[in-house]
Amino acid sequence: MSVGDVAGLIAAIAFVALVALLAVPILKLGRLIDDTRGTVQGVTNESLPLLREVTQTVTTTNGELERVSAITTNVQQVTTNVSALTALFAATLGSPMIKVAAFTYGVRQALTGQRSSGRRRRRS
């Protein structure tokens, strides 16, 4: 065996050692990639039903919001109608009722005043 053969043999052994040394991290990296793939697959499998449920919830919520909007519109119309009815009632019956109340109050005061003056006359 010549010096060149020994040098080639040493180089070959060093190369095999280097490959063996690098094989361990490469295998670990392969396991890590497999685990990552499994995790991503699990997240995907669990996310799709969740997204479907969220979509259904948003759709249901939008329907309820439309109903609330319709109810709000109806309440606003009722409020407008009640306000108009109150104004109409005040315009048609309010003034005469105030006059009747004032007249009744005046008559009551007049009768109370006559009774008071009649009592004063009797005492005198």
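The basis for the numbers below is simple: all heavy atoms, side chains too, and nothing from hydrogens, waters or symmetry mates. This chain uses plain numbering: 1 for the first residue, then up along the sequence. Because the structure is a prediction, the values reported are computed rather than measured.
Thr112 contributes a side-chain N or O that, together with a main-chain N or O of Arg108, makes up a donor-acceptor pair within less than 3.5 Å. Formation of a donor-acceptor pair under 3.5 Å by the Ser69 side chain with backbone atoms of Leu65 is not found in this model.
Residues Ile10 and Leu18 do not share a hydrophobic cluster, clusters being chains of Ile/Leu/Val/Met/Phe/Trp/Tyr side chains in contact below 4.5 Å. Follow the hydrophobic side-chain contacts under 4.5 Å out from Leu85 and you never reach Val82; the two are in separate clusters.
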- Query: Step by step, would you call Arg37 with Asp34 a salt bridge (charged side-chain N to carboxylate O under 4.0 Å, His left out)?
  - Reply: CA-CA 5 Å; Arg37 184 182 314 131; Asp34 288 341; 3.4 Å; yes

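Distance check: Leu22 CG to Leu29 CG gives 12.0 Å after rounding to the nearest 0.5 Å. In this structure, OG1 on Thr36 lies 13.5 Å from CZ on Arg31, to the nearest 0.5 angstrom. Put simply, CG on Asn45 and CG on Leu50 are 13.0 Å apart, with the number rounded to the nearest 0.5 Å. To the nearest 0.5 Å, atom CG of residue Leu32 and atom NZ of residue Lys28 are 11.0 Å apart. Atom-to-atom distance recorded for Thr80:OG1 and Gln77:CD is 7.5 Å, nearest 0.5 angstrom. A distance of 10.0 Å separates OG1 of Thr61 from CD of Gln56, quoted to the nearest 0.5 Å.
Applying the 6.0 Å contact sphere to CD of Gln109 captures more than 12 heavy atoms from other residues, nucleotides or ligands.
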